[in-house]
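Just follow the structure's listing: the first ligand is 1, and inside any ligand the first atom is 1.
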Amino acid sequence: MSAETLQFQAETKRLLDLVVNSIYTNKEIFLRELISNASDACDKLHFESLTNREILNGDENFEIFVVPDKDSKTVTVSDNGIGMTREEVIENIGTIAKSGTRAFLEKLKENEGKVDEELIGQFGVGFYAAFIVAEKVEIITKKAGENSAVKWTSEGAGEYTLEEAEKDSRGTTIVLHLKPEFCGGEEVDFTNTYELESLVKKYSDYIRYPIKMNFETEDKDKNKVIEVRTVNSMQPLWTRNKNDIKPEEYEEFFKHQFHEWEKPLEFFHLKAEGTFEYTALLCVPKHAAYNLYYSDYEPGLQLYSRHVFIMNKCKDFLPDYLRFIKGLVDSPDLPLNISREILQQSAQVKKIGKALEKNILNRFAKILKNERDKYEEFWQEYGKSLKIGVYNNAYDEKAKDDLKDLLLFPTSKGGKPATLAEYVERMPEGQTKIYTASGKDSATIEQMPQMEILKDKGFEVIYLTDPIDEFALEVLQKYNDKEIQSISREDFETDDEESKKAKAEVEELAKSQEDLLKDVKEAIGGEISEVRLTSRLKSGAVCLATGKTGPSLNMEKTFAAMNNNFFKATRILELNPNHELFKKLSGLHALGKDKPEFKEFCGLLYTQALLIEGIMPDNPVDLANKIAALMAKI
Ligand code: ADP
Ligand code: MG
């Protein structure tokens with residue numbers, strides 16, 4: 001039969017026009033598409049051979065060849081898979097049957113026919129991707145079990161020809177006649193063996209069939225010889241049986257795959273079958289990336305579908321607080337040609353993501369229970385992330401619940417950091433709340449004047465030294481039935497009789513000191529909302545308390561560090577009526593509230609309260625001068 005010229009289906013023609021005439025950002029993906037088709041063809045034949053052994057005709061070793069040729073300016077991809085009949089070529093290549101490609105065209109319609117780089121970059125276009133780099137494509141194919149072969153040729157412009165061909169063995173050979181720019185022109189040179197080799201490794205490493213290439217080397221007599229090498233590692237580690245994989249193999253894999261230089265702190269090999277099927281290989285790197293919490297860090301998992309690499313850094317599986325997890329998900333239920341937008345909305349992806357998150361948190365809980373040292377090492381690196389998780393899930397009770405038992409904090413007991421459960425477990429009788437104090441480090445908090453009374457009573461205090469701590473606990477509010485209470489908030493009180501009595505006495509006293517308190521406030525000026533007497537101090541003279549709600553002083557500092565000066569803590573100056581300085585203050589007040597001594601005294605009291613909280617006074621020189629003047633009087 002002589003050559004016959006046929007027209008592409010109208011839609012196909014349109015698509016081809018687009019591919020040929022567009023600036024395709026990711027030109028190299030043509031190879032991934034062709035190899036993926038070759039692999040599918042091998043799969044199909046393998047599947048058929050399960051019930052029809054004869055069809056293999058003795059040739060059971062599936063393989064894919066990628067052969068660049070500088071002289072003819074071609075790249076040839078061939079396989080010994082199932083091949084196609086003449087009708088199948090017309091059906092599969094001349095017509096668009098694929099859902100991904102259809103989706104592409106629909107999207108294009110929405111876009112009113114405008115093709116921008118981004119649009120076309122989002123979709124793989126399967127076989128047609130060949131026309132990104134080729135000016136002419138030939139397919140020579142022979143269906144397994146048939147005698148005749150067929151040759152399809154097209155320049156991608158509306159029509160193709162079909163003719164009978166000679167082919168010894170079954171399978172498909174695709175010859176790309178490269179556009180000049182791709183063989184020594186301005187673009188990547190696809191006739192370069194090493195270039196192609198690296199592309200195969202990048203995109204198709206885990207294809208289950210060997211992808212072979214010819215490499216020119218020299219034998220011992222320095223003669224040029226061609227050596228055939230398999231370029232891909234072939235077996236996806238994640239498809240193997242967990243029990244057959246050695247820990248070193250996992251470690252090597254994570255290092256290679258995710259560019260880690262140490263073995264991971266923990267890894268996960270998760271498989272699910274049933275309504276939605278996936279395999280995931282995840283790891284917690286030994287050390288947090290230096291930029292983990294910065295915007296230039298790109299979180300996300302690699303996505304595979306049937307072992308074919310689809311995309312890097314897919315963010316839609318895991319919540320942001322688990323951004324430190326590296327890994328991949330392979331799911332046959334996800335189509336190969338999928339856009340990031342479609343992925344985001346995919347219920348499948350959400351389900352897989354939820355399952356992964358649950359698995360990860362369960363594992364963390366297990367480590368906390370059984371391998372405390374390891375958990376603390378983990379916490380050191382990633383504790384902040386889990387706290388961010390609590391904060392980000394402010395309105396999700398279930399999520400907060402899953403995270404609350406994974407938190408660790410240093411406490412006034414010293415030693416190892418404690419979980420909230422451990423803290424509650426060792427609460428002495430009479431203590432009803434979980435107390436927290438925040439500051440820049442444990443040593444600073446320990447010396448806060450408010451700590452004294454709690455120490456005396458034997459009540460343990462959780463130290464919040466990481467800026468995120470207060471935000472996370474604020475969101476948590478309670479641990480089981482125990483309220484979480486900052487010792488710096490105005491509503492702080494311990495519930496024992498002794499404290500209640502002391503508080504009542506101070507309140508009584510305050511009534512007789514209303515004028516003094518008012519005048520102190522006036523002397524200090526606008527920054528403070530109130531001056532009070534307090535029973536929470538023992539040997540300290542002053543402290544700052546903040547409002548019952550709203551930002552604390554440390555939160556205010558955090559906001560300020562982010563250039564947000566809008567959120568301010570309510571500042572309440574608290575005075576210890578039992579302190580020597582209070583008597584001095586009363587004495588000065590009696591001499592006249594407008595006297596400079598009284599004003600200066602008030603100013604210094606406030607400055608002290610600020611310093612205790614680690615806040616620099618606005619004018620340190622002024623403070624130094626005042627201290628110097630006082631010292632001169634001694
Ligand atoms: P998809 O692979 O998503 O189906 P493609 O555009 O990549 O879409 O390929 C279209 C069809 O062409 C395939 O479904 C297959 O039937 C056929 N095909 C492509 N390449 C080969 C090949 N190497 N061997 C056999 N059939 C092939
Ligand atoms: Mg394909």
Notebook entry, point to check: Taking the non-hydrogen atoms of Met84, is any one of them nearer than 4.0 angstrom to ligand 1?
Noted result: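 Within the 4.0 Å threshold, so yes.
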
Side chain or backbone of [X] under 4.0 Å from ligand 1, or both, or neither, by non-hydrogen atoms?
X	value
Glu88	neither
Thr141	neither
Lys44	side chain

Are a donor atom and an acceptor atom from the side chains of [X] and [Y] found within less than 3.5 Å of each other?
X	Y	result
Thr191	Lys70	yes
Tyr203	Ser36	no
Asp205	Ser233	yes

Next item on the list: Give the single entry among Asn80, Thr173, Asn92 that approaches atom 11 (C) of ligand 1 most closely by any heavy atom.
Entry: Asn92

With heavy-atom distances below 4.5 Å as the criterion, would you say the side chains of [X] and [Y] are in contact?
X	Y	value
Tyr293	Lys384	yes
Glu163	Thr153	yes
Leu176	Leu34	yes

Within the structure, does [X] bring an N/O atom to less than 3.5 angstrom of an N/O atom in ligand 1?
X	result
Asn37	yes
Ala41	no
Tyr128	no

Check: Near Ile93, which atoms of ligand 1 are under 4.0 Å from a heavy atom of that residue?
Finding: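 This gives 12 (O) as the contact atoms.
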
Checklist line | Whether Tyr250 and Phe254 hold their rings parallel, tilted or perpendicular, with breakpoints at 30° and 60° | finding: parallel

Margin query: With a cut-off of 2.8 Å, does Ser36 put an N/O/S atom close enough to the Mg ion (ligand 2)?
Written below: no

